[in-house]
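What follows is one structure encoded as structure tokens, with my remarks underneath.
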There are 2 protein chains.
Amino acid sequence: MNPTKAKLLTATAQVLREDGFAALSARTIATRAGVNQALVFYHFGTVAELVDAATRQAADESADRYREAFAGVTSVGALLALGRELHERERAAGNVAMMAQLMSGAQGSPELAAAARYAMDRWTREIEAVLGRVLADNPLAGVLDPAGLARAVSAGFLGLELYEGVDPAGAEQALATLERLAVAVDVVGDLGPVARRALRSRVKNLA
Amino acid sequence: MNPTKAKLLTATAQVLREDGFAALSARTIATRAGVNQALVFYHFGTVAELVDAATRQAADESADRYREAFAGVTSVGALLALGRELHERERAAGNVAMMAQLMSGAQGSPELAAAARYAMDRWTREIEAVLGRVLADNPLAGVLDPAGLARAVSAGFLGLELYEGVDPAGAEQALATLERLAVAVDVVGDLGPVARRALRSRVKNLA
DNA sequence: GTCTATAAGATGATAGAC
DNA sequence: GTCTATCATCTTATAGAC
């Protein structure tokens, strides 16, 4: 990989994270990369193609970190602890903010929508795998399919990130409640046989 | 209200909804409003102030519609049915997309962040009220505080809207799973006295 | 209140020197 | 591969005629 090309990719991610989609331009990116503006077009053709490449790369790296971290998780409790930690870490790295910016920018551009879809797919694939393991013997498993839940979790992180930029206290409150909801799902999984049977029979009618 | 001013406000909302935050400019807005570009600055001073005014107005109208619709709802089942209908209607109107665009644009602009926060507050206030009523005698009430849950729901809608623009099928799948989760919460609220007691004692330790 | 004209700057993108 | 210089086009914002 050409060093200038690499610099442009990481600079694009930085601008997207810190200043938002609206701040993206060949000049802002090149300045942050410490290279000449014309090199954006030499290496990537257009600004949109650079953004596409940068976000796909970031999504790959991010998803790979998810996979490693999720590898040994088999209980809801462990997933929650890890989830909170991972959430803080990814937040600090700015990956969620970057994806949120990508998604909003993608609304007006079919080319970027493809990159955004790719990024979401990479995330949900990892989350779906761990959710499938964790929910395997929960009586709510028939209701909470891992695929749908993984997508809901990914979308939820996007929304929370946007919300956090606007009202940090409110976002924290929302996150705390969601964690409690997850704990409640776990508690339901630990219910005694009587309550468990009662719940399962009722749940069966929903699926 | 000056008719030109009104036209600019609704045109701003339209551009934000249909073309996204990146497409906002005095010219795109004025063209859609059918008025001269200079009038943006005469009536609102800057483009940012126009966007601020337009999104506050839209949030007010949207929240007022929520309030009316939520007024008579007292059960989770009724809220879910209404929620799905409302979600479709607001989606078609483009209000959620507009807020999502506002939130992402707000990341780079403190002035817009205030407007975004105002919009989120108006939404969560209505949702919190109806959630408080609906969850009043659910054994999970101690875990799912209405304030946090309302914020989570608002943020969730934002994320789902962004996701939908990128992958409609995935977003629908996520929404379906979330609805099932809400139904499960309702089922828990309808549990017999034995299971209910077992759940409540376990839940008590979490709060 | 609304218009035209215009200033002053940022943007994507290209041509051509090195 | 990298640079400078340049283009047409877009932007916010203002001045001044009507």
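Note on naming: letters A, B, ... go to the chains in the order of the sequence lines (proteins, then strands), and numbering restarts at 1 for each one. Heavy-atom basis, side chains included; hydrogens, waters and symmetry copies ignored.
Between R151(B) and D145(B) there is no salt bridge, since no side-chain nitrogen of the basic residue lies less than 4.0 Å from a carboxylate oxygen of the acidic one.
To the nearest angstrom, P of dA15(C) lies 16 Å from CG of N36(A). When the C1' atom of dT2(C) is taken as reference, atom CZ of F44(B) falls 15 Å away, rounded to whole Å.
Applying the ring pair (Phe, Tyr, Trp, His ring centres under 6.0 Å) definition to pairs two or more places apart or across chains, those involving residues 87-120 of chain B are H87(B)-F157(B).
For the side chain to side chain contact (heavy atoms under 4.5 Å, CB included) with F44(B), the qualifying choice from D52(B), I29(B), L8(B), L39(B) is L8(B), the only one to do so. With respect to V51(A), the side chain to side chain contact (heavy atoms under 4.5 Å, CB included) criterion is satisfied by exactly one of T46(A), L112(A), V15(A): L112(A).
Residues passing the side chain to side chain donor-acceptor pair (under 3.5 Å) test with E179(B) are R84(B), sequence neighbours excluded. Residues that satisfy the salt bridge (Lys or Arg N to Asp or Glu O under 4.0 Å) test with D121(A), not counting sequence neighbours, are absent from this structure.
Within residues 3-34 of chain A, the residues approached by DNA chain D to less than 4.0 Å at the level of any non-hydrogen atom are T4(A), R27(A), in residue-number order. Applying a 4.0 Å cut-off to non-hydrogen atoms, none of the residues of residues 49-57 of chain B approaches DNA chain D.
Using modelled atom types, no side-chain atom of E85(B) and backbone atom of A81(B) make a donor-acceptor pair closer than 3.5 Å. The closest donor-acceptor contact from the side chain of R32(A) to the backbone of R27(A) lies at 3.5 Å or more, if one exists at all.
Here the CG-CG distance, from L178(B) to L160(B), works out to 6.5 Å after rounding to the nearest 0.5 Å.
Using a 4.0 Å heavy-atom distance criterion, V40(B) is classed as making no nucleic acid contact.
Looking only at atom types and distance, the side chain of N95(B) has no donor-acceptor partner in the side chain of R89(B) under 3.5 Å away.
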What N/O pairs connect the protein and nucleotides 14-18 of chain D at under 3.5 Å? Give each pair on its own line.
none

